[in-house]
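Please read all numbers here as calculations on a predicted model, not as lab measurements.
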Amino acid sequence: MDVIAIMPESDRVSEMNLNKYNQIYQEISSDISGGKYKKDDVLPSEHRLVETFDVSRETVRKALNLLQENGFIQKMKGKGSVVIYNPSMDFTVSHLTSFKEIQQLKTKQYSTAVVELKRYPAEQFPKVMVALDLAPEDKVWQLIRQRKYEGKTHIVDMDYFTVDMMPGLSIQVAEDSIYEYIEKKLGLTIAYSHKEITFDAMTEHEIELFDHNDLSYVATVRSVVHLNDARPFQYNISKHLASEFKFVDFSRRFHGD
């Protein structure tokens with residue numbers, strides 16, 4: 001006979017509250033990143049947020065605490081939640097954001113040129129095969145794109161995606177936004193990534209892609225991106241001109257427990 005485990009009512013309520021304050025965090029952080037709330041603006045009061053989202057004050061406070069921990073706001077006594085996020089930063093590696101989304105916040109506009117979009121057996125790229133947990137015979141897309149400004153290549157993105165997940169990937173999608181395609185067309189949720197930054201000598205192929213003959217080093221950001229069910233689906237190698245690369249992050253010192 002099958003045994004059905006029933007979650008206690010208190011646990012279900014706790015899980016709902018957890019989901020709710022994360023939803024509030026996501027919505028407000030998106031509003032801040034998108035410019036609805038600008039630096040030095042004050043967010044609506046806790047009372048107003050309670051009414052807007054129809055949740056408890058405790059849930060609102062958890063969402064605000066998360067916003068503060070991640071560098072979006074600073075809670076100030078007598079003033080409220082003040083926006084401290086500055087969207088004028090250059091290409092940031094500390095957030096999981098698509099190139100198209102970053103472009104929408106920039107006055108310096110880049111164009112995208114697709115150099116290659118081909119399928120290969122995963123065994124041709126051992127690091128990708130391990131990172132995406134693939135078998136040697138599994139197929140991966142290799143996508144190479146140049147990000148150009150005033151006719152010169154400033155960034156080269158090399159991406160590897162699982163073909164099983166995105167059999168319909170096209171040049172048109174690659175020129176627009178793959179993340180938008182994944183989330184809106186495929187209905188999947190991109191959740192998190194692990195990144196590392198190194199400075200590397202350019203290969204002959206990279207020198208050709210960058211068309212900058214006077215530079216010999218690039219800043220390389222490697223990342224493995226996961227869906228919300230923890231499945232890895234993308235291995236990205238983003239090469240930036242070392243002379244233009246700037247790492248931007250937010251750090252907060254915690255006091256007490």
Side-chain donor-acceptor contact under 3.5 Å, Y235 with Q142: no
Might you point out which heavy atoms bring T112 and A174 nearest each other, and give the distance in Å? CG2-O, 4.2 Å
Sequence neighbours excluded, every pair satisfying ring pair (Phe, Tyr, Trp, His ring centres under 6.0 Å) that has a member inside residues 118-143: Y120-F125, F125-Y160
Hey, any chance I171 and F161 share a hydrophobic cluster, counting ILVMFWY side chains that come within less than 4.5 Å of each other, even indirectly? yes
Is the shortest heavy-atom distance from the side chain of D138 to the side chain of V163 under 4.5 Å? no
Determine whether L227 and M165 satisfy the following criterion, side-chain contact (heavy atoms from CB on, under 4.5 Å), listing intermediate values before the conclusion. CA-CA 11 Å; L227 299 174; M165 182 182 131; 4.2 Å; yes
As a quick check of understanding, evaluate side-chain contact (heavy atoms from CB on, under 4.5 Å) for Q26 and Q23, giving each step before the final call. CA-CA 5 Å; Q26 293 292 341; Q23 289 171 16; 5.7 Å; no
Rounding to 0.5 Å, atoms CD (Q68) and CD (Q74) come to a distance of 4.5 Å
d(D200 CG, I237 CD1) to nearest 0.5 Å is 9.5 Å
Can you check whether I28 reaches L49 side chain to side chain, under 4.5 Å on heavy atoms? yes
Sidechain-backbone polar pair: Q124 side chain, P121 backbone, donor-acceptor under 3.5 Å: no
Salt bridge check, D157 against R147: does any charged N sit closer than 4.0 Å to a carboxylate O? yes
Linking I/L/V/M/F/W/Y whenever any side-chain heavy atoms sit under 4.5 Å apart, do I207 and I144 land together? yes
Can you check whether F199 and Y217 have ring centres sitting under 6.0 Å from each other? no
Any donor-acceptor N or O pair under 3.5 Å, side chains T153, K148: yes
State whether the number of non-hydrogen atoms from other residues, nucleotides or ligands found under 6.0 Å of R48 atom CZ is greater than 12. no
Assess whether atom CG of D54 is packed by more than 12 heavy atoms of other residues, nucleotides or ligands within 6.0 Å. no
Could you see if V82 belongs to whatever hydrophobic cluster contains F72? Use Ile, Leu, Val, Met, Phe, Trp, Tyr and a side-chain cutoff under 4.5 Å. no
Looking only at the side chains, is there a donor atom on one of K75 and N65 sitting less than 3.5 Å from an acceptor on the other? yes
Write down the atom of F210, the atom of K239, and the distance for their closest heavy-atom approach. CZ-O, 3.4 Å
Within-4.5 Å side-chain heavy-atom neighbours: L67 and S29: yes
Just do the side-chain contact (heavy atoms from CB on, under 4.5 Å) check on I155 and S238 with the steps written out, would you? CA-CA 7 Å; I155 302 169; S238 188; 3.7 Å; yes
In this structure, are over 12 heavy atoms from other groups packed under 6.0 Å from E204 atom CD? no
Within a 6.0 Å radius of atom CD on Q172, are there more than 12 heavy atoms belonging to other residues, nucleotides or ligands? no
Would you say S56 and T59 are linked by a side-chain donor-acceptor pair, where the criterion is simply a distance under 3.5 Å? yes
About how many Å separate CG of L64 and CD of E46, when rounded to the nearest 0.5 Å? 6.0 Å
Supply the atom-to-atom distance K36 NZ to I32 CD1, rounded to the nearest 0.5 angstrom. 10.5 Å
Can you hop from V60 to V42 via hydrophobic side chains spaced under 4.5 Å? no
Quick check for you: to the nearest 0.5 Å, what is the distance between F233 atom CZ and D164 atom CG? 14.5 Å
Let me see the working for E183 and I190 under side-chain contact (heavy atoms from CB on, under 4.5 Å), right down to the final yes or no. CA-CA 7 Å; E183 294 184 323; I190 300 168; 3.6 Å; yes
If we only count heavy atoms from C-beta on, is the L186 to M166 side-chain gap below 4.5 Å? yes
Do you know the tightest heavy-atom contact between A122 and M129? O-CB, 3.8 Å
Closest approach of K38 and V83, non-hydrogen atoms and distance? O-CB, 3.3 Å
Starting from L43, can I reach M76 by hopping between I/L/V/M/F/W/Y residues whose side chains sit under 4.5 Å apart? no
CD1/I73 to CG/D41 distance, rounded to the nearest 0.5 angstrom? 12.5 Å
